[in-house]
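First up is the structure itself, then whatever we jot down about it.
In this text, all values refer to a predicted model and were calculated from it rather than measured experimentally. Letters A, B, ... are given to chains in the order of the sequence lines, protein chains preceding strands, and every chain is numbered from 1.
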2 protein chains.
Amino acid sequence: MGNPEHIDGLSTLNRDNRSVRKILLAAARAFGRSGYRGTSMQQIADRAGVSKSLVHYHFDSKEHLFLEVQLELLRELLSYVRELTRSGARRSPAQFEQAIEEARDFVVRDLEHIRVMLEFHNVARDNARIAGHVATFQSELMAMVVEGIHNVLGPSMLERLVIPPERVARLLLQILNGLIVDLAYAQGDEAVQRVHETFSDVRALITQALFNPLS
Amino acid sequence: MGNPEHIDGLSTLNRDNRSVRKILLAAARAFGRSGYRGTSMQQIADRAGVSKSLVHYHFDSKEHLFLEVQLELLRELLSYVRELTRSGARRSPAQFEQAIEEARDFVVRDLEHIRVMLEFHNVARDNARIAGHVATFQSELMAMVVEGIHNVLGPSMLERLVIPPERVARLLLQILNGLIVDLAYAQGDEAVQRVHETFSDVRALITQALFNPLS
DNA sequence: TTGTTTGTACTGACCGGTCAGTCCAAAGTG
DNA sequence: CACTTTGGACTGACCGGTCAGTACAAACAA
């Protein structure tokens, strides 16, 4: 990745600083809940328990803060996907399904955080710098999922895929986007439960059709 | 639906008025592109070629305008789904796939408009009135898709579904949400083309696994 | 025919308020 | 000393919304 925080001429950011971490966390949640424009620097400062001045002290601008939030989310996702697909011992469609299920659990657990992704394209549309970062974000995530598919399936199962791994990766990301949107809409526990049921249907049907039978 | 524009004590809206139609169209596109908070009344007025005052003359508030945009989108979706699934002559998985493909084309064609849906939950989160309308929107759309599935498949094919029609409807809406998000991210023609390919994969795999073989 | 009234569409100027961002003096901290 | 943190005052831009007033055509009255 090569020190992405040093490009674009942004000032260096001390990520180990406790306040910086608090601000990043508060900002991620606030952006996820209310969107980029719907979140004020004051709200972020309040939720982080620091002064507004300090936020401006650590981050050049709101755009910079958003960028760093984005960057951290990418790091989290990458490290999670790496961890999830590290072991090379799973070699069946059922294990593949389980990996998808675990990915879903990850999304649900960090939903407030991950929802920021739905905001990326809105901000990117009138901000070239952020648009570039979104593109990087997407391609790095895609590469990581492809690698994860290789790790989870191994060469033997990989041969049985009816479409190439790259297309499987794109497919997984697309249905996960659908899950995120549906969850954003769902209000109340039964609604969330129904969304989970729906995603399980998607997962089961796709897995079933994704592998050629053993010849 | 019963004259939805008369509920909530909103002033009646002359939908035949040329300016009103221009404003609604401009607002739908602007909300779809930049989100609710990212769109100002001034921008909408400019794009509609009218004064900001006129927008406030026809619509009580920004919230009211958003509500009317939502209402019109619901009308369009309902009438489109009705039209798409009217004929009862299709009775094969291939025809089912084609109906999904047509729905995709509809989404792509009106994407700028439909993208507003991604914004609904953001606005609804801190606006009870809009939250109620979103819930109505969702349930009416769901009912319409279920009815459409019945029409497209007919009793014979309906029996072969491995999950009930209601779950199929939720599944379709979820993967369409994924499509909309992916399209929102896609920049450039090849990117859009790749998203289409991905959605085709989803559609094909799901359709393949969705029907029991003829016994 | 001429004048009056009424209703609708529409506008520019303006108001109160919010927001991102700046500046700075002061205080704590390692 | 250098770094971090606070709080407060301030600016310029923008935003949603209001308001007085214009334009105009149809209906009505003399």
Side-chain angles (χ1 to χ4, degrees), chain A residues 5 8-28 30-31 33-70 119 122-123 125-127 129-130, chain B residues 5 8-28 30-31 33-70 119 122-123 125-127 129-130:
Chain A
E5 66 268 32
D8 293 335
L10 295 174
S11 65
T12 46
L13 180 66
N14 180 8
R15 217 169 288 273
D16 296 331
N17 183 294
R18 248 187 83 244
S19 295
V20 169
R21 285 213 311 277
K22 280 196 296 181
I23 293 169
L24 280 174
L25 182 63
F31 285 141
R33 181 183 296 104
S34 311
Y36 181 73
R37 315 240 191 189
T39 303
S40 73
M41 297 294 266
Q42 186 66 62
Q43 283 170 24
I44 294 171
D46 291 346
R47 289 199 168 249
V50 300
S51 67
K52 194 185 97 163
S53 307
L54 189 64
V55 181
H56 279 290
Y57 173 77
H58 284 297
F59 300 90
D60 297 339
S61 62
K62 190 182 183 183
E63 175 194 320
H64 178 205
L65 175 53
F66 187 75
L67 227 55
E68 295 290 351
V69 166
Q70 197 177 333
E119 195 68 9
N122 271 338
V123 184
R125 207 177 311 281
D126 43 40
N127 189 316
R129 183 187 287 184
I130 288 188
Chain B
E5 65 269 32
D8 291 338
L10 296 174
S11 64
T12 46
L13 179 67
N14 180 8
R15 217 169 289 270
D16 296 333
N17 182 294
R18 248 186 82 246
S19 295
V20 169
R21 285 212 310 277
K22 282 195 295 181
I23 293 169
L24 280 174
L25 182 64
F31 284 141
R33 181 182 297 106
S34 312
Y36 181 72
R37 312 234 196 193
T39 303
S40 72
M41 297 294 267
Q42 187 65 62
Q43 284 171 26
I44 294 170
D46 289 347
R47 290 201 168 247
V50 301
S51 70
K52 194 180 77 147
S53 308
L54 186 64
V55 181
H56 280 290
Y57 172 77
H58 285 299
F59 301 90
D60 297 339
S61 62
K62 192 181 183 182
E63 174 194 320
H64 179 205
L65 175 54
F66 187 74
L67 227 55
E68 295 289 350
V69 166
Q70 196 177 332
E119 196 67 11
N122 272 337
V123 185
R125 207 178 312 282
D126 44 40
N127 188 317
R129 184 187 287 184
I130 288 189

Do the non-hydrogen side-chain atoms of [X] and [Y] ever get within less than 4.5 Å of each other?
{"X": "B/Q43", "Y": "B/D46", "answer": "no"}
{"X": "B/R47", "Y": "B/R33", "answer": "yes"}
{"X": "B/V20", "Y": "B/F59", "answer": "yes"}
{"X": "B/M41", "Y": "B/L65", "answer": "yes"}
{"X": "B/V123", "Y": "B/E63", "answer": "no"}
{"X": "B/V55", "Y": "B/K62", "answer": "no"}

Margin query: Main chain of A/A30, side chain of A/T39: is a donor-acceptor contact present, judged purely on distance under 3.5 Å?
Written below: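 Between the backbone of A/A30 and the side chain of A/T39 there is a qualifying donor-acceptor contact (under 3.5 Å).
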Checklist line | Any residue of residues 38-49 of chain B with a heavy atom less than 4.0 Å from an atom of DNA chain C | finding: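 Contacting residues: none.
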Is [X] near enough to [N] that one of its side-chain N or O atoms lies under 4.0 angstrom from OP1 or OP2?
{"X": "A/Y57", "N": "D/dT4", "value": "yes"}
{"X": "B/N17", "N": "C/dT8", "value": "no"}
{"X": "B/S19", "N": "C/dA9", "value": "no"}

Quickly work out the [X] [atom1] to [N] [atom2] distance and round it to whole Å.
{"X": "B/L65", "N": "D/dG17", "atom1": "CG", "atom2": "P", "value": "10 Å"}
{"X": "B/R18", "N": "C/dC10", "atom1": "CZ", "atom2": "P", "value": "9 Å"}
{"X": "A/K62", "N": "C/dA20", "atom1": "NZ", "atom2": "P", "value": "4 Å"}
{"X": "B/K22", "N": "C/dA9", "atom1": "NZ", "atom2": "P", "value": "14 Å"}
{"X": "A/H64", "N": "C/dA20", "atom1": "NE2", "atom2": "P", "value": "16 Å"}
{"X": "B/I23", "N": "C/dC10", "atom1": "CD1", "atom2": "C1'", "value": "10 Å"}

Note to self: Can you tell me how far apart CG (A/L24) and NZ (A/K22) are? Round to the nearest 0.5 Å.
What the structure shows: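 Nearest 0.5 Å value for the CG-NZ distance: 12.5 Å.
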Checklist line | Pairwise distance CZ(B/R37) to OH(A/Y36) - rounded to 0.5 angstrom | finding: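 One finds 14.5 Å between CZ of B/R37 and OH of A/Y36.
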Next item on the list: Determine, for nucleotides 22-30 of chain C in 5'-to-3' order, which nucleotides have protein heavy atoms under 4.0 Å from the base (write B), from only the sugar-phosphate (write S), or from neither (write -).
Entry: B--------
Next item on the list: Please tell me which of the listed nucleotides, C/dT11, C/dG21, D/dG16, lies nearest to the side chain of A/S61?
Entry: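 When the side chain of A/S61 is considered, C/dG21 is the closest of C/dT11, C/dG21, D/dG16.
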